[in-house]
Amino acid sequence: MESIILQQQDNRSAELINDNDISDYLKDIAVVKDKQVISTSKPFIEANTSEVSFEEMMEKHIIPVFIKDNEPVISHTQFIEAMVYEVNKIYNGEMILKPNIRVSHPIKGRIPEARNKPAHELLKQEKTLYYERMAFVIEIPSVYDDIDGNSLSLCVGGVKSYSLDNLYARQGADQHFKIFIGFKNSVCTNLCVWTDGFVGDLKVSNIGQLRACIYSLISKYNLVYHLNEMRLLKDYSITEKQFATIVGKCRMYQYLPHKTKTAIPALYLGDSQLNCVCKDYYKDNSFCKNDDGSINLWKLYNLFTNANKSSYIDNFIDRNVNAYNFAEAIRFALQNKSSNWFLN
């Protein structure tokens with residue numbers, strides 16, 4: 001395997017540090033030739049999101065609070081700082097890029113002195129803003145590999161939505177996060193994440209717990225095994241007829257009786273994503289069908305993850321993980337000549 005893989009991960013326990021320590025540490029995070037290179041120059045998610053810099057979030061965005069005691073929640077920037085710190089501990093010496101941050105659902109406000117002003121007369125300093133939902137990716141390009149001619153680089157990230165938190169509670173109430181580690185396909189910026197690199201409903205009450213959970217996920221992630229499992233997908237192909245069957249069954253899936261649905265592999269993609277899969281099956285420059293209509297499962301998997309870019313932040317990573325599970329279930333059926341509802 002021609003790849004650069006970290007040979008031994010740091011097994012130190014997650015240290016709990018204060019915010020000042022993190023702020024000082026972030027000044028020295030690894031950069032490329034003294035330039036703050038941002039992870040993934042293209043959007044890793046597109047639907048209803050905007051790109052924002054870490055500096056802008058830190059300087060201009062207000063922080064929500066628990067209503068009963070006015071204590072701040074864990075902010076988006078604290079979440080990102082915690083991830084950056086733990087990644088640098090475990091992958092010390094590797095090239096680690098600045099976070100690529102996407103946000104959605106802006107919550108706008110104004111300072112009390114401007115409460116009676118018409119909106120068009122508000123000055124910049126009289127406006128307040130934070131975003132309810134945020135997702136970010138941190139790329140580690142010095143840890144990479146290649147599958148079927150596609151260069152993959154290691155990445156970590158997280159998703160935060162304040163809509164899942166009970167902001168009417170007091171400080172100490174559980175706050176919800178999603179964290180992940182996997183690979184980014186440099187051809188299309190598709191993320192490749194699977195179950196062992198994903199925590200979809202992380203509940204913590206303070207930043208120390210969050211850091212410890214991030215450390216646990218990243219330090220236990222077996223990137224070599226993940227790469228080997230993904231590499232198997234390129235060795236199995238489906239015909240044009242089988243592709244058509246899969247797409248048709250995917251459209252039928254959401255209408256199945258509950259009992260039938262629970263007995264087959266889950267599918268999270270909706271009709272808009274399936275439309276994208278069908279279009280790219282014919283037109284995508286990197287993952288379209290072969291001349292005879294066949295397509296290998298690695299390309300099919302990337303059609304699904306590319307279509308997933310149109311998902312909202314809330315279910316983006318969940319659908320990404322589901323896309324791998326779906327492709328893996330198809331591979332298992334082909335390898336073992338067993339039944340699969342979507343394929344038969």
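Residues satisfying the side chain to side chain donor-acceptor pair (under 3.5 Å) criterion with Glu56, sequence neighbours excluded, are absent altogether. In this view, Glu132 satisfies the salt bridge (charged side-chain N to carboxylate O under 4.0 Å, His left out) rule with no residue, not counting sequence neighbours. Under the side chain to side chain contact (heavy atoms under 4.5 Å, CB included) criterion, Ile62 pairs with Thr128, Tyr130, not counting sequence neighbours. Qualifying side chain to side chain contact (heavy atoms under 4.5 Å, CB included) partners for Thr260, counting only residues two or more places apart in sequence or in other chains: Leu256, Pro257. Leu217 meets the side chain to side chain contact (heavy atoms under 4.5 Å, CB included) test with Ile179, Ile181, Val199; sequence neighbours excluded. Take Asp280 and apply the salt bridge (charged side-chain N to carboxylate O under 4.0 Å, His left out) test, not counting sequence neighbours, and it matches no residue. Every residue was checked against the salt bridge (charged side-chain N to carboxylate O under 4.0 Å, His left out) condition with Arg319, not counting sequence neighbours, and none meets it. Among residues two or more places apart in sequence or in another chain, the side chain to side chain contact (heavy atoms under 4.5 Å, CB included) test is passed with Ile63 by Pro72, Val73, Ser75. With sequence neighbours excluded, the residues that form a side chain to side chain donor-acceptor pair (under 3.5 Å) with Asn275 are Arg251. A search for side chain to side chain donor-acceptor pair (under 3.5 Å) contacts involving His176 returns Asp165, not counting sequence neighbours.
Side-chain atoms of Asn296 come within 3.5 Å of backbone atoms of Lys299 as a donor-acceptor pair (strictly under, hydrogens ignored).
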Q: Please step through salt bridge (Lys or Arg N to Asp or Glu O under 4.0 Å) for the pair Glu139 and Lys184, ending with a clear verdict.
A: CA-CA 8 Å; Glu139 188 178 351; Lys184 185 211 76 174; 3.2 Å; yes
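Salt bridge status for Lys178 with Asp318: present, with a side-chain N to carboxylate O gap under 4.0 Å. The existence of a salt bridge linking Arg231 and Asp145 is confirmed by a sub-4.0 Å separation between a basic side-chain nitrogen and an acidic carboxylate oxygen.
Sorted by first and then second residue, the pairs that involve residues 292-312 and meet ring-ring contact (aromatic ring centres under 6.0 Å, His included), not counting sequence neighbours, are Trp298-Tyr301, Tyr301-Tyr324, Phe304-Phe326. For the side chain to side chain donor-acceptor pair (under 3.5 Å) condition, the pairs that include at least one residue of residues 103-112, sequence neighbours left out, are His105-Arg133.
At least one test fails for Lys289 against the ring of Phe243: distance under 6.0 Å to the centre or angle within 45° of the axis.
Ring orientation note: the planes of His226 and Tyr221 are nearly perpendicular, at an angle over 60° on the 30°/60° scale.
None of Val143, Ile138, Val156 except one satisfies the side chain to side chain contact (heavy atoms under 4.5 Å, CB included) rule with Ile96; the exception is Ile138.
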